[in-house]
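To keep things clear, I will list the structure first and then write my remarks on it.
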Amino acid sequence: MEFLLPFLIGILFSASLYLILHRHFFKLILGLILFSLATNLFLFVIGRLTRGGSAIIGQDENVAVEPFADPVPQALLLTAIVIGFGIQSFTIVLIKRVYQSFGTTDLDDMNTTDQIEEHH
Amino acid sequence: MNHLLIMLPILIPLYGAILSLFCWRSVRVQLYIGILTQVCLLVASFLLLFDVNESGIRTTQIGSWPAPYGITLVADLFSAMIVITSAITGMAVYLFSIKGLDKARQTFGYYPVLLVLQLGVSGACLTGDLFNLFVWFEVLLMCCFVLIALGGTKPQLEGAIKYVTINILATSFLLAGIGIVYGTMGSLNMAELALLVRMPVAHPALINMAGMFFLIAFGIKAAIFPLFFWLPAAYHTPPIAISAFIAGIITKVGMYAFIRLFTLIFVTDQELTIPLFTVLAGFTMVIGVLGAASQNDFRKILSFHIVSQIGYMLMGLALFTPLALAGSIYFIIHNILVKTNLFLISGVVAHRHGTFALKKLGGLYLQQPILSVLFFISAFSLAGIPPFSGFWGKFMLAKAGFEIGSFTIVLVSLAVSLMTIFSMTKIWNEVFWKKKPEQEPLLDVVPQQKLRDNRQLYLPVGIMTVFILLIGLYAEPVVAMAQLAAEQLLNSKLYINAVLKR
């Protein structure tokens with residue numbers, strides 16, 4: 001199973017980039033969500049996977065029994081997921097507002113802030 | 001007491017923000033809380049800088065967990081200098097917002113969000129833990145998102161969507177880099193990491209790769225070539241009080257983290273990083289200044305100049321000598337003050353005349369001579385004319401470049417300086433010097449109340465100008481402090497020993 005995970009992460013990253021490069025708002029949201037999902041999974045896997053051993057120290061032991069899973073990446077992951085949720089929900093609301101005021105779903109319509117203003 | 005001193009720049013804005021949130025309905029109370037908070041923050045930062053200057057690097061452990069396991073807060077001269085500059089800027093922007101920002105935005109939580117943003121800046125500067133750095137960056141980015149979108153005008157929403165998208169990507173890169181660092185080294189404490197990379201390690205290539213992830217993440221946040229395109233598209237869209245603070249501080253905090261990590265942790269493969277940074281620095285300077293030359297809008301010219309100035313800061317890191325890093329540090333301090341002030345001045349102009357377009361403005365030298373002088377000082381500081389502050393930063397960088405024989409990058413930086421003068425002269429000619437273009441007489445009549453408000457906006461600009469003049473005309477203590485800070489950066493044993501108490 002473990003050797004499949006890097007491929008899964010790779011597929012997630014490429015799919016999310018593909019979606020982000022699209023012009024549709026909805027695909028942008030999906031792409032961003034997938035991208036942070038892929039990053040979270042990457043963070044989880046690169047912290048090394050250990051199955052079936054939690055880092056809980058038993059009542060009559062001084063240290064946890066090897067092999068146990070490193071709790072730090074899990075803690076990082078949880079923090080990252082929570083922060084990601086916040087930012088994703090902000091993005092979704094922002095994009096909804098953008099849709100309401102511009103009346104379009106096409107990112108290519110949004111190129112006015114880059115343009116050099118000419119005043120004749 | 002010393003532990004408290006490091007915590008204060010984080011605690012003060014946090015409590016200020018919470019208190020202001022409780023007083024959501026009354027903007028006036030929020031304002032008083034805010035001013036009190038800003039004053040306390042300024043005093044606390046001064047005390048911190050004084051303390052660090054007296055007795056070297058200060059550390060504290062959150063929750064008293066010993067060093068490599070808990071979260072460490074570290075204050076060395078570099079971080080203390082950034083914290084105090086950010087406090088000064090925050091104070092000025094706050095004073096500016098009272099009259100310079102519309103009531104609607106003030107009612108919808110501008111003051112608490114600004115305080116949380118300052119909290120994020122202090123946190124990012126003071127943390128000694130890699131993952132904690134990520135969290136502080138999220139805090140300040142979230143506030144930037146809200147501030148840029150606050151008010152929801154069309155340009156703001158458009159700028160916000162670009163800013164949010166690119167920054168989510170940058171953050172993910174940062175997180176992936178942190179993951180690789182933890183996966184290879186098994187630690188997130190910056191001091192322990194610095195210790196580990198200096199020993200023979202199992203996977204030097206992986207550390208390099210993590211370094212490149214950080215390069216991309218902070219490259220986007222600090223707007224380094226070729227990752228800067230979001231900046232001129234987003235920074236000029238919100239009202240000037242907001243863009244002044246964001247433009248002044250946020251890219252420099254990115255640059256701070258960049259310099260910190262690439263002097264402390266990712267120093268193992270300098271044959272790769274130093275030529276890479278040199279090339280990036282050169283392109284960042286040139287492209288930024290060329291972009292500025294093509295613009296006809298007060299704020300957009302200034303936005304592009306942010307990019308160009310980032311190049312100078314990167315140049316110090318690329319040269320990697322004590323003098324060059326001191327130059328970078330001095331330049332960051334100078335640039336935060338000057339850039340914010342120039343944005344504030346553009347805000348004063350737009351408040352009175354209702355536009356940022358150079359073609360529609362004119363004749364301000366006649367109408368507002370004091371403002372013209374203030375602009376003149378800031379613009380010449382930015383361009384690096386002696387004896388103003390920009391000169392000293394550029395002088396140190398150029399001298400460091402000549403000392404180690406990197407003539408090309410020094411020549412590029414000097415040429416870019418000339419181009420900066422060109423841009424500043426363009427603003428001067430168009431806004432202050434030329435005759436005011438003919439327009440309908442109705443637009444020329446400014447109500448008395450607005451004139452009075454406009455005069456109140458001079459106060460923050462004046463305060464910032466005093467600081468700019470101070471670090472320019474009385475540069476010696478600041479330069480000496482920057483040199484000390486650079487020595488602390490390069491001599492990472494100091495940092496490691498201070499944190500790990502060995």
With chain B as the partner, which of Leu94(A), Leu43(A), Leu17(A), Ile20(A) has the greatest number of non-hydrogen pairs under 4.5 Å? Leu94(A)
When rounded to the nearest 0.5 angstrom, what distance separates CD1 in Ile87(A) from CD in Glu138(B)? 4.0 Å
Find the one option among Leu32(A), Asp70(A), Thr91(A), Thr39(A) whose heavy-atom pairs under 4.5 Å with chain B are most numerous. Thr39(A)
By a 4.5 Å heavy-atom criterion (distance strictly below it), what part of Phe25(A) contacts chain B: side chain, backbone, both, or neither? side chain
If you measure from NZ on Lys154(B) to CZ on Arg97(A), what distance do you get to the nearest 0.5 Å? 11.5 Å
How long is the straight-line distance from CG of Leu76(A) back to CD1 of Ile178(B), given to the nearest 0.5 Å? 8.0 Å
Please flag which part of Ala176(B) lies under 4.5 Å from any non-hydrogen atom of chain A: side chain, backbone, both or neither. both
Can you say whether Leu28(A) sits under 4.5 Å from chain B via the side chain, the backbone, both, or neither, judging by heavy atoms? side chain
Is there a side-chain contact between Thr79(A) and Phe134(B) (heavy atoms, below 4.5 Å)? no
Are any non-hydrogen side-chain atoms of Ile168(B) and Phe35(A) less than 4.5 angstrom apart? no
Kindly compute the distance separating OG (Ser172(B)) from CG (Leu34(A)), expressed to the nearest 0.5 Å. 11.0 Å
Which atoms of Ser294(B) approach chain A - backbone, side chain, both or neither, heavy atom under 4.5 Å: both
Per-residue tally against chain A (heavy atom, under 4.5 Å) across Thr237(B), Leu157(B), Thr184(B) peaks at Leu157(B)
Quick one, Glu158(B) and Val98(A) - any side-chain contact, counting heavy atoms below 4.5 Å? no
Where on Phe145(B) is there a heavy atom nearer than 4.5 Å to chain A: the side chain, the backbone, both, or neither? both
Using a 6.0 Å cut-off, check whether atom CZ of Phe13(A) has over 12 heavy atoms from anything other than its own residue. yes
Closest-packed option against chain A by number of heavy-atom pairs under 4.5 Å, given Leu175(B), Val146(B), Leu188(B), Val164(B): Leu175(B)
Under 4.5 Å from any heavy atom of chain A - which part of Thr165(B): both
Interface check, chain B: of Val72(A), Leu77(A), Ile95(A), most non-hydrogen pairs under 4.5 Å belong to Val72(A)
Examine whether an atom of Phe42(A) lies under 4.5 Å from a heavy atom of chain B, and if so say whether it belongs to the side chain, the backbone or both; otherwise answer neither. side chain
